[in-house]
Amino acid sequence: MLKGKKLVSKSASLRRKLILDIINRALKPLESMYKALAGSAKKTKEMFPALYRHFEELIKQHIITPGKSIFNTSKIGGMGGFITTNIMKRLPHIDEAQIEEILGNPSNKSFLEILTRGFGINRDKEKTYTKLGNGSFKRILIANRGEIALRIIRACRELGIESTAIYSDEEKDSLIVKFADKSYNIGKPKNYLHIKKIVEIAKQSECDAIHPGYGFLSENPKFARLCEKRGIKFIGPSSRMIGKLGNKIEAKNAMLKANIPVIEGVKEDLKSKRHALRAARRSGFPVILKASAGGGGKGMRIVEREEDIFNAYESAEKEALNSFGSGSLYIEKYLEEPKHIEFQILADRHGNVIHLGERDCSIQRRHQKLIEEAPSPALDNELRELMGAAAVNAIKAIGYEGAGTVEFLLDKNRNFYFIEMNTRIQVEHGVTEMVTNVDLIKEQIKLAEGARLAYNQEDIKVEGHAIECRINAEDPSNNFAPSPGTVVNYLPPGGPGIRISSSCHTGCRILPQFDSLIALLICHGKTRHEAIARMRRALDEFIIEGVKTTTPFHKLVLSKRQFLKGNVATSFIENNMIMEELKGLKQKKEALPKEKKVLIVTTAVAQYLAKKQDTPGKKINPWVMAARQEAMNEGSFEE
């Protein structure tokens, strides 16, 4: 009986061995094929590392997949055959001749260009200046609101990254809440500055990174430091770098070490108003007092006479303390009628730096930018190259990473001086995007992921001219007094070369607690003349009713001969009597036509009904609403 069991066991063992042999023989071709494929992949990674990472990312995202024919043979006939058979012949936008051309000379500069065309990417429409990062961001929290928050949401969506928005109690109906993948109420408007609360929401919503936008916490080193501590990537430079460049004295000293010219002044914070007086006497009047901890015109005073310096010091100190939490001031020699020129920078963590040309921001009121353009009409190619090189060298010297802006003042003798470094995306970044065809927000995000710059400075081309007008809810004829309220009619302009960056819409409320920006109107043309012509047309077309706007100011500036000639400086508004002329423009109080009355009433009714719709159990009949509007159109508002 025992012997019989041994025979059965031996027979079963032989069967198992036979089955395993059959399986191994069947898998032999697959093993050979796998080894060949692994060898080809290794060879690709060694010969074309950028291409390897590019295809790896495309396969991960299911944009391309290897063809079935690859599994029909255990041998792959070399690198070129693999690419041709399994990837390139499947691209809809290239032909055999182009395939042969790039395979014959893979080092040719057109290699990646043809590949991107093959995937249907129009590089003429949008250029990317970075190679792919590690793709680690799955979700980003946007610590901002309004136009810039919507701008970041769009960039995230195009990159395949989820967006998380925050909003205050009065903004639950905003476009940001509508378009973000997730949104969280932060309560009162002041909570946009609540560092711990925002970081906690980012952790709760499992965000990998936080984009601060501009304003609010965008240049707050404490915010960046807490993000670093909690394992969340702050999309911008390190907290140490923000702190270093945020202090204007430290920033100036860093530039001096990099041999970048700075304006004469004290190289330390002022200790008292008497210290300010002594420094002013040494450099000579006029001088300018500035806040050490911030910019944007806050805590800034021009002093032309010795007897005015004590009052100027006290008011600047108070404003700086209220704006930045620090009353520290420094002093510089004041340049009369300078031009304000800034250079847009991109820098990766590998030490590569490029600039994307300059912006002229000379049209200002109380040190607040109102109109920006690129390129600057004040620079020739020689000076542009010199200033751009200075900006790049400064960034390399301090080891900066991310997107940033190096700002200069240009005097009458064409000498330029560093004034500050902005460690965030600028309000006016869209001007640069229009002339370079690069999405700066997307590049900023990719750099934060660890992407490497793919282009040299020589590859950067500026095409045409772009101008931006900041359309604010302010009354320019009343000293730019804020004009909060509800926008009852909003119709932006269109046509070639027109771009609107805005989160506004009909029924949108301009809240007094926030910045009064309604829209950034940007116009591009082949020449500066064409860009100005398009801007004047766009300003005429732009319909914003319900609040006063700065549109009359922009129309007036663009009509001035000196602006048309490109003769602009930071004193342009004063020199051309713009404020006096605006005050003389009496706005006639016209009787509202019937159509506008209908529009105002229907907007108000729609908002009222929308609020009622939130009440459980109550539903609005759209047919009733339509009937009411039709009745009003038929004469309910006859005089």
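Nothing fancy with the numbering, it's 1 onward along the sequence.
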Roughly how far, to the nearest 0.5 Å, is [atom2] of [Y] from [atom1] of [X]?
X: Tyr313; Y: Leu289; atom1: OH; atom2: CG; result: 8.5 Å
X: Asp269; Y: Asn247; atom1: CG; atom2: CG; result: 5.5 Å
X: Ile166; Y: Ile198; atom1: CD1; atom2: CD1; result: 4.0 Å
X: Arg470; Y: His554; atom1: CZ; atom2: NE2; result: 9.5 Å
X: Asn322; Y: Lys318; atom1: CG; atom2: NZ; result: 7.0 Å

Quiz prompt | Listed partners of Glu530 passing side chain to side chain donor-acceptor pair (under 3.5 Å), at least two apart | solution =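 Glu530 satisfies side chain to side chain donor-acceptor pair (under 3.5 Å) with no other residue.
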Under 3.5 Å: donor-acceptor pair, side chain of [X], backbone of [Y]:
X: Lys197; Y: Ile186; value: yes
X: Thr423; Y: Ile242; value: no
X: Tyr400; Y: Ala403; value: yes
X: Asp411; Y: Pro338; value: no
X: Glu407; Y: Ile419; value: no
X: Glu373; Y: Ile467; value: no
X: Asn422; Y: Arg424; value: no
X: Glu463; Y: Thr436; value: no
X: His367; Y: Lys298; value: no
X: Asn576; Y: Phe572; value: yes

Which residues share a side-chain contact (heavy atoms from CB on, under 4.5 Å) with [X], sequence neighbours left out:
X: Ala316; result: Arg301, Leu329
X: Thr551; result: Ile471, Leu539, Thr549, Lys555
X: His529; result: Thr527
X: Ala180; result: Ile153, Ser163, Ala165

Closest non-hydrogen atom pair, [X] against [Y]:
X: Arg534; Y: His524; value: NH1-O, 2.7 Å
X: Leu335; Y: Ile263; value: CD1-CD1, 4.1 Å
X: Lys339; Y: Asn567; value: NZ-C, 4.5 Å
X: Pro212; Y: Asn144; value: O-ND2, 2.8 Å
X: Cys156; Y: Ile445; value: SG-CD1, 4.1 Å
X: Lys442; Y: Ala155; value: CG-CB, 3.7 Å

Self-check item: Tyr214-Glu147 side chain donor-acceptor pair, cut-off 3.5 Å
Solution: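 Result is yes, a qualifying pair exists.
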If we only count heavy atoms from C-beta on, is the [X] to [Y] side-chain gap below 4.5 Å?
X: Val406; Y: Met255; answer: no
X: Leu410; Y: Leu383; answer: yes
X: Leu356; Y: Leu440; answer: yes

Self-check item: Ser168 vs Glu171, side chain to side chain donor-acceptor pair (under 3.5 Å): CA-CA, chis, key distance, verdict
Solution: CA-CA 5 Å; Ser168 66; Glu171 298 177 291; 2.7 Å; yes
Quiz prompt | Salt bridge Glu372-Arg359, side-chain N to carboxylate O under 4.0 Å | solution =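 Salt bridge: no.
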Quiz item: Less than 4.0 Å between a side-chain N and a carboxylate O, is that true for Arg365 and Glu474?
Solution: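 Salt bridge flag = no for Arg365 with Glu474.
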Quiz item: Ring centres of Phe216 and Phe223 under 6.0 Å apart?
Solution: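 No, too far apart.
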Practice problem: Kindly say whether the aromatic ring centers of Phe542 and Tyr490 come within a distance under 6.0 Å. | Solution: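 Yes, the ring centres sit under 6.0 Å apart.
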Quiz item: Checking side chain to side chain donor-acceptor pair (under 3.5 Å) for the pair Arg366/Gln364: CA distance, chi angles, key distance, verdict?
Solution: CA-CA 6 Å; Arg366 295 182 178 176; Gln364 302 178 6; over 6 Å; no
Exercise. Taking atom CD of Gln562 as the centre, report whether more than 12 heavy atoms of other residues, nucleotides or ligands fall under 6.0 Å from it.
Key: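 Atom CD in Gln562 is packed in, count exceeds 12.
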Quiz item: If you count the non-hydrogen atoms of other residues, nucleotides and ligands that lie under 6.0 Å from CD in Glu336, is the total more than 12?
Solution: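 No, because the 6.0 Å sphere around CD of Glu336 holds 12 heavy atoms or fewer from other groups.
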Exercise. Measure from NZ or CZ of Arg528 to the centre of the six-membered ring of Phe563, then state whether that distance is under 6.0 Å and the direction lies within 45° of the axis.
Key: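 Verdict for Phe563: a cation-pi partner in Arg528.
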Exercise. Give the intermediate values and the outcome of side-chain contact (heavy atoms from CB on, under 4.5 Å) for residues Ile573 and Phe553.
Key: CA-CA 10 Å; Ile573 292 175; Phe553 164 82; 3.8 Å; yes
Practice problem: Using ring-ring contact (aromatic ring centres under 6.0 Å, His included) as the criterion, list what pairs up with Tyr417, not counting sequence neighbours. | Solution: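 In terms of ring-ring contact (aromatic ring centres under 6.0 Å, His included), with neighbours along the sequence ignored, Tyr417 is linked to no residue.
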Self-check item: Passing option when Glu332 is tested against Val287, Val262, Ile288 for side chain to side chain contact (heavy atoms under 4.5 Å, CB included)
Solution: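 With Glu332 as partner, Val287, Val262, Ile288 yield a single side chain to side chain contact (heavy atoms under 4.5 Å, CB included), made by Ile288.
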